[in-house]
Amino acid sequence: MPSVPDDGHDVPVVVVGAGPVGLSLALGLARCGVRCILVEREPSTSVRSKAPGIHVRTREVLRRWGCDARLRAAGTLLRTLRLHDVATGRPLIDADFGVLDVEARDPGVLVLEQSATERLLLDALRETDACEVVFGAEAVDLAQDGDGVTVTVAQGGTQRALRAAYAVGCDGAGSFVRAAAGWDFAGTTYRMRPVLCDVRIDDERDLLPWPRLRSDRGGLTAALRLRAGVWRVIRLERGEPATEGVSDDEVERYVAAVLGPAPVEVEWASRFRIHRRSVDRFRRGRVLLAGDAAHVHSPIGGQGMNAGIQDTATLAWTLAAALAGGDADRLLDAYDSERRGVVVGDVSRYTDVLTRIYLQTPARVRAGAFAALRAVLRVPR
């Protein structure tokens with residue numbers, strides 16, 4: 001465990017939530033010379049694939065923290081993104097990330113299951129010896145005053161009060177930290193019926209080009225190869241969100257639509273809801289939020305996890321500067337205004353427009369939108 005600081009706090013920062021955002025923040029703080037305690041109510045990092053795409057900017061952040069090489073080695077880098085139309089056999093989108101070679105190193109979308117991303121981030125964090133990571137520990141109370149924050153954590157039938165200069169909620173859309181500090185989480189829920197599943201493919205379909213997409217009157221079905229023999233399939237259609245489970249027969253229909261008919265082994269399948277919500281500020285006194293705890297939006301474009309990790313790129317150094325004697329109010333208010341401007345002002349609006357155009361319109365409108373996007377991508381840089 002990190003030693004107790006001289007200022008009476010157990011540790012400078014308590015981070016709640018050890019998903020990719022919390023792990024990234026703890027790693028960023030460690031690289032800035034700041035110790036923290038990271039608490040997670042689950043017994044380990046995630047075992048699900050969840051968010052499998054890491055964008056160029058996110059990889060730049062993780063490269064600065066010494067993580068990109070190990071992630072790159074574990075995943076599949078798409079230097080060219082061709083979205084294949086299952087119905088016609090032709091690409092719907094053909095995007096070459098090579099045009100970014102003059103601006104970024106090794107550009108492309110890195111396909112890597114979130115379970116692997118979290119495991120590799122945790123390995124890198126533990127190598128720093130600057131963070132105590134506590135799994136199976138749930139934050140149950142939070143109180144702040146002018147000198148710091150007290151986070152009470154329950155673990156194994158006992159409770160532990162952690163005293164810190166700052167606390168950061170990286171604990172997802174159902175954030176305890178956000179609720180305990182009194183934030184509203186305003187926004188809307190889209191009228192959509194999404195299904196997400198991971199399936200095992202052990203026949204020639206595993207060699208099909210990907211990502212794959214089928215557009216029909218009801219909505220979109222897409223498939224992405226996560227690794228050899230394992231595919232992510234997602235179905236998005238209009239309608240009120242459903243609450244019942246997902247049957248194997250239903251999964252097989254979706255798989256057949258994008259990969260062809262044949263039996264599959266369902267690793268995991270779930271229905272979910274798509275929200276567009278955010279808080280009015282990412283900071284209240286000594287309590288801050290990052291990632292889904294502060295903002296959620298449509299998954300189209302794969303911006304959720306990426307936006308959260310990019311939150312931590314700013315928050316890590318601003319917390320370090322504040323703890324080193326800088327003007328804490330100005331520094332942390334700058335984090336708030338910068339990230340709200342980017343995520344709520346730009347990313348959320350961008351994903352909302354794409355969702356309405358590509359997921360909430362008739363098939364003929366979607367076809368026209370894809371045609372327009374192909375035309376735009378053909379324009380020389």
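The residues of the chain are indexed from 1 along the displayed sequence. Any value given below was found using the heavy atoms of this structure, including those in side chains, with hydrogens, waters and symmetry copies removed. Just so it is clear, the model here is predicted, and its values are computed rather than measured.
- By the 4.0 Å N-to-carboxylate-O rule, D85 lies too far from R90 to be salt-bridged with it.
- Here the closest heavy-atom approach between residue L224 and residue P52 is recorded as CD2-CG, 3.8 Å.
- The number of heavy-atom neighbours closer than 6.0 Å to CZ of R64, taken from other residues, nucleotides and ligands shown, is above 12.
- In this structure, the separation between OG on S298 and CG on L236 is 8.0 Å, given to the nearest 0.5 Å.
- Seen from the ring of F185, R178 counts as a face-on cation partner, given the 6.0 Å and 45° thresholds.
- Atom OH of Y166 is separated from atom CD of Q144 by 10.5 Å, given to the nearest 0.5 angstrom.
- Two different hydrophobic clusters hold L112 and W210 under the rule that ILVMFWY side chains link at heavy-atom gaps under 4.5 Å.
- Using modelled atom types, one side-chain atom of R284 and one backbone atom of G182 make a donor-acceptor pair closer than 3.5 Å.
- A distance-only check finds a donor-acceptor pair linking the side chain of N306 to the backbone of H55 [under 3.5 Å].
- Under a hydrophobic-cluster definition in which Ile, Leu, Val, Met, Phe, Trp and Tyr are linked whenever side-chain heavy atoms come within less than 4.5 Å, directly or via other members, W231 and L196 are assigned to different clusters.
- How far NE2 of H84 is from CZ of R212: 7.5 Å, rounded to the nearest 0.5 Å.
- Here D106 pairs with R72 in a salt bridge; the nearest charged N to carboxylate O distance falls below 4.0 Å.
- Hydrophobic clustering (side-chain heavy atoms under 4.5 Å, transitive across Ile, Leu, Val, Met, Phe, Trp, Tyr) groups L142 together with L288.
- Between L213 and T221 there is no side-chain heavy-atom pair separated by less than 4.5 Å.
- Residues D202 and E265 are not in side-chain contact: their nearest non-hydrogen atoms beyond the backbone lie 4.5 Å or more apart.
- Without hydrogens or angle criteria, D206 side chain to G229 main chain gives a donor-acceptor distance under 3.5 Å.
- By the 6.0 Å contact criterion, CZ on R330 is open, its count of non-hydrogen atoms from other residues, nucleotides or ligands being 12 or less.
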Derivation of the salt bridge (charged side-chain N to carboxylate O under 4.0 Å, His left out) call for R283 and D336: CA-CA 6 Å; R283 176 203 177 201; D336 167 64; over 6 Å; no
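- Looking at heavy atoms from C-beta onward, S24 lies in side-chain contact with W65 at the 4.5 angstrom threshold.
- What you find for S46 and E118 is that their closest heavy atoms are N-OE1, 2.8 Å.
- With respect to the salt-bridge test (charged N to carboxylate O, under 4.0 angstrom), the residues R191 and E240 qualify.
- Proximity of V151 to I37: side-chain heavy atoms (C-beta onward) are nowhere separated by under 4.5 Å.
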Steps toward salt bridge (charged side-chain N to carboxylate O under 4.0 Å, His left out) verdict (D68, R59): CA-CA 6 Å; D68 182 55; R59 291 179 56 220; 3.1 Å; yes
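- Within 6.0 Å of the CZ atom in R82, the count of heavy atoms belonging to other residues, nucleotides or ligands does not exceed 12.
- Side-chain contact of D311 with H295: a donor-acceptor pair under 3.5 Å is present, judged by distance alone.
- Annotation: side chain of L25 is in contact with side chain of L315 (closest heavy-atom distance under 4.5 Å).
- With hydrogens and angles ignored, the 3.5 Å screen pairs a side-chain donor or acceptor of E40 with a backbone N or O of E42.
- In summary, R119 and D123 do not engage in a salt bridge, as defined by a charged side-chain N under 4.0 Å from a carboxylate O.
- Sparse packing is recorded around OH of Y350, with 12 or fewer heavy atoms of other residues, nucleotides or ligands lying under 6.0 Å away.
- Side chain of R277 to backbone of G187: a donor-acceptor contact under 3.5 angstrom is found.
- Here the OH atom belonging to Y335 is positioned 12.5 Å from the CH2 atom belonging to W317, to the nearest 0.5 angstrom.
- Defined by atom type and a distance below 3.5 Å, a donor-acceptor pair is present between the side-chain atoms of T314 and E338.
- For the pair D249 and R253, the salt-bridge criterion is not met [side-chain N within less than 4.0 Å of a carboxylate O].
- Nearest heavy-atom pair across T128 and C131 is OG1-N, 4.5 Å.
- Around atom CG of D184, no more than 12 heavy atoms belonging to other residues, nucleotides or ligands sit under 6.0 Å away.
- Here the shortest heavy-atom pairing between D292 and G304 reads OD1-O, 4.5 Å.
- Although no hydrogens or angles enter the test, the distance criterion places no donor-acceptor pair under 3.5 Å between the side chain of R35 and the main chain of A130.
- Between the side chain of D198 and the backbone N or O of W268, no donor-acceptor pair lies under 3.5 Å.
- Residues V109 and G53 share a closest heavy-atom pair of CG1-CA, 4.4 Å.
- Closest heavy-atom contact between V246 and S270: CG2-C, 3.9 Å.
- Salt bridge status for R160 with E132: present, with a side-chain N to carboxylate O gap under 4.0 Å.
- A distance-only check finds a donor-acceptor pair linking the side chain of R366 to the backbone of D216 [under 3.5 Å].
- A single hydrophobic cluster is seen to contain both F135 and V16, as judged by linkage of ILVMFWY side chains at heavy-atom distances under 4.5 Å, directly or through other members.
- Taking the side chain as every heavy atom from C-beta outward, L29 and L319 approach each other to under 4.5 Å.
- The cluster map of Ile, Leu, Val, Met, Phe, Trp and Tyr, joined by side-chain heavy atoms under 4.5 Å apart, puts L226 and L83 in different clusters.
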Could you check E237 against R271 for salt bridge (charged side-chain N to carboxylate O under 4.0 Å, His left out), going step by step and ending with a plain yes or no? CA-CA 12 Å; E237 58 187 38; R271 299 188 189 278; over 6 Å; no
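- A distance-only check finds no donor-acceptor pair linking the side chain of S175 to the backbone of D171 [under 3.5 Å].
- Between D147 and R163 there is no salt bridge, since none of the side-chain N atoms of the basic residue sits less than 4.0 Å from a carboxylate O of the acidic one.
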May I have the step-by-step check of side chain to side chain donor-acceptor pair (under 3.5 Å) for S348 and R276, ending in yes or no? CA-CA 7 Å; S348 182; R276 185 189 183 198; 2.8 Å; yes
For R232 and S49, run side chain to side chain donor-acceptor pair (under 3.5 Å): C-alpha distance rounded to whole Å, both residues' side-chain angles, the deciding distance at 0.1 Å, then the answer. CA-CA 8 Å; R232 155 71 54 81; S49 59; 2.5 Å; yes
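- Between R79 and D101, at least one side-chain N (NZ, or NE/NH1/NH2) sits under 4.0 Å from a carboxylate O, which counts as a salt bridge.
- Residues R200 and E267 have side chains in contact (heavy-atom distance under 4.5 Å, counting atoms from C-beta outward).
- Ion pairing between a basic and an acidic side chain is recognised when a charged N comes within 4.0 Å of a carboxylate O; E60 and R63 show no such pairing.
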Might you work through the side chain to side chain donor-acceptor pair (under 3.5 Å) test for Q360 and T355, ending with a clear yes or no? CA-CA 7 Å; Q360 294 191 309; T355 299; over 6 Å; no
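- Annotation: the span from E138 atom CD to T152 atom OG1 amounts to 12.0 Å, rounded to 0.5 Å.
- Using a 4.5 Å cut-off on side-chain heavy atoms (C-beta onward), V134 and Q155 make contact.
- Listed for the R126 side chain is no donor-acceptor partner under 3.5 Å among the backbone atoms of L122.
- Note that CZ of R340 and CG of L289 are 11.5 Å apart. Values are rounded to the nearest 0.5 Å.
- The 12-atom threshold is exceeded at CZ of R225, counting heavy atoms of other residues, nucleotides or ligands nearer than 6.0 Å.
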